[in-house]
Every structure is written in structure tokens, then in C-alpha cells.
Amino acid sequence: MHRCTSCGVATARWAGRCPACGEWNALREEAVAVAAERAGTGDPATTVALCAVDVSGAAPCPTGLTELDRVLGGGLVPGSVTLLGGEPGVGKSTLLLQVLRSVALTGAVVVLVSAEESAAQVRLRAERLGPVPPTLLLLEATDVRAVGRCAAETTAALVVVDSIQAVADPDVVGLPGGVPQVRACAEYLVRVAKVDQVPFVLVGHVTKDGALAGPRVLEHLVDTVMTVEGDRHHALRMVRATKHRFGPTGELGLFTMGEAGLAAVTDPHSLLLGDRRPGTPGSAVLPAMEGQRALLVEIQALWAPSPPSSPPRRSAQGVDSRRLALLLAVLEQHGGVVLGHTDVFASAVGGIRVTEPAADLALALALASAVTGRALPVDVVAFGEVGLGGEIRQVPHAPRRLSEAARIGFRRALVPASCPDGPDGMELVRVASVEEAVVVALTDEHRGERRALRVTA
Ligand code: TYD
Ligand code: MG
């Protein structure tokens, strides 16, 4: 049998490239002796009735950080392993230290394994967050076996390993952080977690393109994969689960990084819409969905003539650059908004990222508004996917988007034609095409201004 050292898939025949993950030269031969193994002394092949399986141990234990518990669907499950990824400096160590403090304050023993930072560094960081409870224990170690022993000896209620790339298994050759080491250490810690019924959280570094460093098999080994995202220059930090065996994925936890660590954001709108200047061209408000939660996000656009000798620039921040290019083409073909030789900038305000297609209409309107120099009415939100033919397509969770927009004080919404009715006090303007949306939002049809829109920036 051949096993991929990157994703762990097994294949019968050797190939230069892994059929599952596409890595080159990753397949290694492994000996198998199925019959001998079956006859051996492994686990007994005893089945149980699924309905009789004990589930009492699977209840999540709250971390005490409500925003994080929401993402986790209640908290950390005993015996589970969670991988927390994120760029350097985004706040992974800070977040986990806060979790450790919070659990330790209930009187439980918790362990932080610091394989990267010195004990003094960790203590200094911990003290920024508040008094350090005596049941928060520190293990300065890089040997993964020491982590396993420590978990058993301290009967810890939670173990955090910072980071999985910095610990190593003495029986495995290779440098810490390399594929064989990361895989062996994670496999070992998963076994320890299951045997001791302790939740483990492993910090995982990410590569430049945002993927978790190390073998892809890491994500398969653990029960939950969470990421902390955020723009270094903004205080906002977003935590979400991309894989979760014990609950929903896609839930968003919002924090701001401040002087005393991460604070839960209770009112995201004052953060996201607080500095909005109504009446400014190039701005549209989108009721975006993050998990089950609607968030109002300002989408902005700006254009400027490109230098004559250079190609037009397209810059997207917090919005999908491919959607931006697509919407510019659709606006030109079907919306009567022609941009010509111009640089275009688009962004989602506040350090948030919106990638859902529902953002199309708001982004298209922000672009059209920037080009025409006309502002959208202040009380309008817009959502809908834009198709290549310029048609506005329906998107999920329309009622939730509309209720949240109404709650914040918006009174009108530009929505796809099939959108169900919104809450009281929210007037729906159903639009079938981008052109219609642009006309409705930016011109006064009664004055026959429709043609005036055919501007070239
Ligand atoms: P850190 O948790 O060390 O990030 P990671 O483990 O993901 O690399 O956080 C680093 C940043 O957070 C650093 O720039 C300092 C900042 N920070 C604060 O602003 N306030 C605080 O209370 C703490 C502890 C850190
Ligand atoms: Mg760190």
C-alpha cells in the first residue's frame, strides 16, 4: 500500500502525484498484512446499538468567553482536539490565555504548554489580562511526551499547546514543524485527549497564503478547526470554525483587541457603521450573513483615472477581487455604467471580510454610486447575487437580513424579485436587474434621468 505523507490517503498503486491532494512525490510505501492483523490482538470487533451509546461525556464545557462558546456551539467537548489557526500576531495566544484564565477561575486545573515563548513572556502577557489564577499551570516543554504525561499527572480540565509546530516526538526523525513531526505529535495528542477525556487546543501557524502550515492531514485528525482572522491595523478579530464535529460551522465570534486582550463585541454596528458618513457617493450598506448572524456592513468604492501608460488597477479589500472584476464587467454590459481607463478600489469597512455572493448588489451599487457621484439614500440597504446576465438572484436568509436592518433603523431594501416580505416598517424594492437597481437607487425616474446614467468615468 502507498500512503500520502501530506494528506494521509492510502492507495494501492504508487503515483508521482497524490490522487487526493495533488502533492507531488508524497506517496510512500507501507507494509500491510491484513490477514495477520485481523487475527492479531487489536480491538475486539464488538458492535453496539447506536441508540444505546452513552453520550453523557459529549456535552460541551463552556469556556466562559461567550463569543467563543457561540462559535463552538456551547464550549469545548471533553476528549476533543481543536486546532486554532491564524496569522502571526493576530491574537491566538492571547485568546487561549483568556480561555485558560476563565476556566481556571472556576477552580479547575488547566495547563498551558508553551513551546515557543519563555515562561516570563507568558506571565507578562497573562498579567495584562488580569490577575492570574493559581490553578493555571505552565509547562515549558517541546517534547510532546512530556505534554501527555503532564495532562495525566495534573488531571487538567483543559490543555493548550502553543504551538503544534514547536513540539516534537523524540522517536520521530525530522525537525519540529515538519510534516512527519506535526503529524506524529497531533496523532499522539489526539490519543491522549481521548484516553484522558481532556479537551486539547493546539495552536497552528498558517502559511503566507493563509492555509494551516504542516500536513493537510492535521485538519483531518482533529475534531474542530477554528481560525482567528483580522486585519493587523484594525481592532476587530473574527473567530470562526471551519470544521466542527460537535456543532455548526460558520458561526462568527467577534472581538476587539485592546489593552487588556480580546473583548467581546456586543454591538457590532457601532463598530462597523459608527463612522459612516451618509450621503457620500460610493457607499452602500449590506446586511451580510456570518453564520446565523446578520451584520450590517458598509461597502465602499472609489475610482480615479489610471495613469495613461499603466493598465487599470483593481484593488479589493475585504471583498472578493474576482467578484469585483465580474461586477465591473456586468455593470458595463448590463448596467449602463462604463468605467473606461480607471483605477477602481473597493472595500468592506472595519476590517471585516464579506465573500458571500449576496454582497454583489451592494458592491455593484457602491461602484455605480462612485462613478455617477450620486449617493444612495441613507436609509437603504441592498443584497442579492448578480448573475452574468445582469439579473439579480435570490440569496439565503433574506428575512434575517431584513429584520436586522430594520432593527438598526434602515427603512428600505433593494432585494431580488423573489424576496419574501420583510418586517413592518421595512419597504422592499424588488429589482430584477442591475440596471433597474442602479436606476431605482441613484436616479429620480420621474425626471427622466434614466439616460443621464450612461456616464463614462
Ligand atoms: P498574540 O496573542 O501573541 O498573537 P499570536 O499568538 O496569534 O501570534 O497577540 C499579539 C498581538 O496582540 C501583539 O501585537 C500585541 C497584541 N496585544 C494587545 O494589543 N493587547 C493585549 O492585551 C495583548 C495580550 C496583546
Ligand atoms: Mg502566539
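These numbers were taken from a predicted model, which means no experiment stands behind them. Whatever order the structure lists them in is the order used to number ligands and atoms, beginning at 1.
- Taking atom 17 (N) of ligand 1 as the reference point, the nearest protein heavy-atom neighbour is M257 SD, 3.7 Å.
- Between the OG1 atom of T135 and the CG atom of L105 there is a distance of 7.0 Å, given to the nearest 0.5 Å.
- Under a 4.0 Å criterion applied to the non-hydrogen atoms of A260, ligand 1 contributes the atoms 22 (O).
- Side-chain contact of D69 with T63: a donor-acceptor pair under 3.5 Å is present, judged by distance alone.
- At under 3.5 Å, a nitrogen or oxygen of G89, whether backbone or side chain, sits near a nitrogen or oxygen of ligand 1.
- For atom 24 (C) of ligand 1, the nearest protein heavy atom lies closer than 4.0 Å.
- With hydrogens left out, the protein atom closest to atom 2 (O) of ligand 1 is T94 OG1, 2.6 Å, a heavy atom.
- Side-chain contact between L273 and F410 is present, with heavy atoms from C-beta onward closer than 4.5 Å.
- Remark: ligand 1 and L95 share no N or O pair separated by less than 3.5 Å (distance only, no angle test).
- A distance-only check finds no donor-acceptor pair linking the side chain of R393 to the backbone of E385 [under 3.5 Å].
- No hydrogens or angles considered: a donor-acceptor pair under 3.5 Å links the side chains of E116 and H205.
- A 4.5 Å side-chain heavy-atom check between L252 and L295 finds at least one atom pair inside the cut-off.
- Inclusion of S163 in the first shell of the Mg ion (ligand 2) is not supported: no N, O or S atom falls under 2.8 Å.
- Taking atom 20 (N) of ligand 1 as the reference point, the nearest protein heavy-atom neighbour is G258 O, 2.6 Å.
- Within a 4.0 Å radius of atom 10 (C) of ligand 1, the protein has at least one heavy atom.
- Against a heavy-atom cut-off of under 4.0 Å, E87 is close to the following atoms of ligand 1: 7 (O).
- Heavy atoms of P88 found under 4.0 angstrom from ligand 1 belong exclusively to the backbone.
- Proximity to R125 (heavy-atom distance under 4.0 Å) selects the following atoms of ligand 1: 3 (O), 24 (C).
- Using modelled atom types and a 3.5 Å distance limit, the side chains of S114 and D162 yield no donor-acceptor pair.
- Residue G261 has at least one nitrogen or oxygen atom sitting less than 3.5 Å from a nitrogen or oxygen atom of ligand 1, judged on distance alone.
- At distances below 3.5 Å, not a single donor-acceptor pair connects side-chain atoms of D379 with backbone N or O atoms of R412.
- A distance of 9.5 Å separates CZ of R183 from OG of S6, quoted to the nearest 0.5 Å.
- With respect to atom 4 (O) of ligand 1, the closest heavy atom belonging to the protein is G91 N, 3.1 Å.
- Below 4.0 Å from some heavy atom of S93 lie the following atoms of ligand 1, by number and element: 2 (O), 5 (P), 6 (O).
- Between V81 and the choices V201, V190, V198, the side chain to side chain contact (heavy atoms under 4.5 Å, CB included) rule is met once, by V190.
- Nearest to atom 15 (C) of ligand 1 among the protein's heavy atoms is R128 NH1, 4.5 Å.
- If you look at K92 next to ligand 1, the close heavy atoms, those under 4.0 Å, come from the backbone and the side chain alike.
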